[in-house]
Each structure stands twice: as C-alpha cells, then as structure tokens.
Amino acid sequence: MEKFSVFSKSFVRTAKFLLAFLLSIICTDLVFSQTSSSESGWYLTNYTFKDGSLSKGTVLMGTTSTMKDVISFKGDKGKIEISHNNYDDKTGKLLAGV
C-alpha cells in the first residue's frame with residue numbers, strides 16, 4: 001500500500017515553481033539594483049516657466065454679442081496664479097472669472 005501523502009504531486013510541483021519564480025525575481029533585483037550616485041546620470045538642474053496666457057474672442061450663447069476670453073498666468077515656482085476671465089467686448093465689463 002502507498003503511504004498517505006498530505007500534499008498532492010500537483011500541489012508540490014506548483015509550490016516549487018512559485019518558489020523558484022520568487023527567488024529568480026529577488027535575485028534579479030539584487031543583481032541589477034544600483035545605489036544613487038552623484039557622478040553621472042540625468043539630473044534636473046533648472047526649470048523654465050512657459051507662459052500659456054491666451055486671449056480670444058467668442059460669441060455669447062443666444063446673442064450676437066461677443067466676449068473676450070482671457071487666461072493669464074503670473075508668478076514663479078511654487079507660487080503661480082492662474083486666472084480665467086470673460087469680458088464683454090463692447091463695454092469691457094467683467095462677465096465671469098475664476
């Protein structure tokens with residue numbers, strides 16, 4: 001009579017495969033990981049702010065009147081103010097703004 005096995009052959013085979021797979025991942029990470037170095041590589045040394053200000057005319061919905069859409073950017077790194085305002089073309093009055 002065969003001995004009673006707690007684990008089936010397929011379970012043991014699957015467990016061995018998963019263990020081998022995990023060990024290969026761990027070994028790969030250890031081989032290819034590098035410590036940070038200040039000698040060579042790509043580093044952010046400066047930044048530039050591109051002003052995306054925009055001014056365009058559009059027609060007010062349901063009318064023949066036009067308005068001017070004005071988007072402006074002011075400030076510097078860490079302190080940028082973005083505004084989007086709509087002005088009536090005829091009067092120059094502010095209609096809406098954020």
Side-chain angles (χ1 to χ4, degrees):
M1 253 193 198
E2 287 184 38
K3 285 186 172 180
F4 180 73
S5 177
V6 177
F7 299 109
S8 67
K9 288 182 181 180
S10 62
F11 177 79
V12 172
R13 196 176 318 135
T14 305
K16 284 181 182 179
F17 174 76
L18 289 175
L19 183 61
F21 180 71
L22 290 173
L23 286 174
S24 67
I25 289 175
I26 291 170
C27 291
T28 303
D29 285 343
L30 293 175
V31 171
F32 292 109
S33 64
Q34 297 177 356
T35 59
S36 62
S37 173
S38 61
E39 293 177 12
S40 64
W42 186 90
Y43 300 97
L44 179 63
T45 58
N46 200 356
Y47 72 95
T48 57
F49 176 70
K50 182 178 178 184
D51 186 6
S53 296
L54 171 72
S55 180
K56 67 177 184 175
T58 56
V59 178
L60 286 168
M61 187 186 328
T63 68
T64 57
S65 299
T66 58
M67 69 176 180
K68 185 186 288 185
D69 256 348
V70 179
I71 301 171
S72 62
F73 299 85
K74 296 177 186 173
D76 201 4
K77 182 179 178 182
K79 265 188 160 177
I80 297 176
E81 180 182 322
I82 303 169
S83 63
H84 185 176
N85 296 322
N86 297 325
Y87 298 96
D88 185 3
D89 266 348
K90 290 181 183 175
T91 63
K93 182 179 174 183
L94 178 66
L95 301 174
V98 176

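Throughout, numbering of the chain's residues begins at 1 and tracks the sequence.
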In this structure, CZ of Phe73 is separated from NE2 of His84 (nearest 0.5 Å) by 10.0 Å
Scan the side chains in residues 90-98 for donor-acceptor partners under 3.5 Å anywhere in the protein, sequence neighbours excluded, and list what turns up.
from	atom 1	to	atom 2	distance (Å)
Thr91	OG1	Asp88	OD2	3.3
Thr91	OG1	Lys93	N	3.2

With a cut-off of 3.5 Å and sequence neighbours excluded, list every side-chain donor-acceptor pair involving residues 53-65.
from	atom 1	to	atom 2	distance (Å)
Ser53	OG	Asp51	OD1	2.7
Ser53	OG	Asp51	OD2	3.3
Thr63	OG1	Leu60	O	3.1
Thr63	OG1	Ser65	N	3.2

Within this structure, what is the CD-OG distance for the pair Glu81 and Ser72, rounded to the nearest 0.5 Å? 7.0 Å
Results of side-chain contact (heavy atoms from CB on, under 4.5 Å) for Ile80 - residues two or more places apart only: Phe49, Ile82
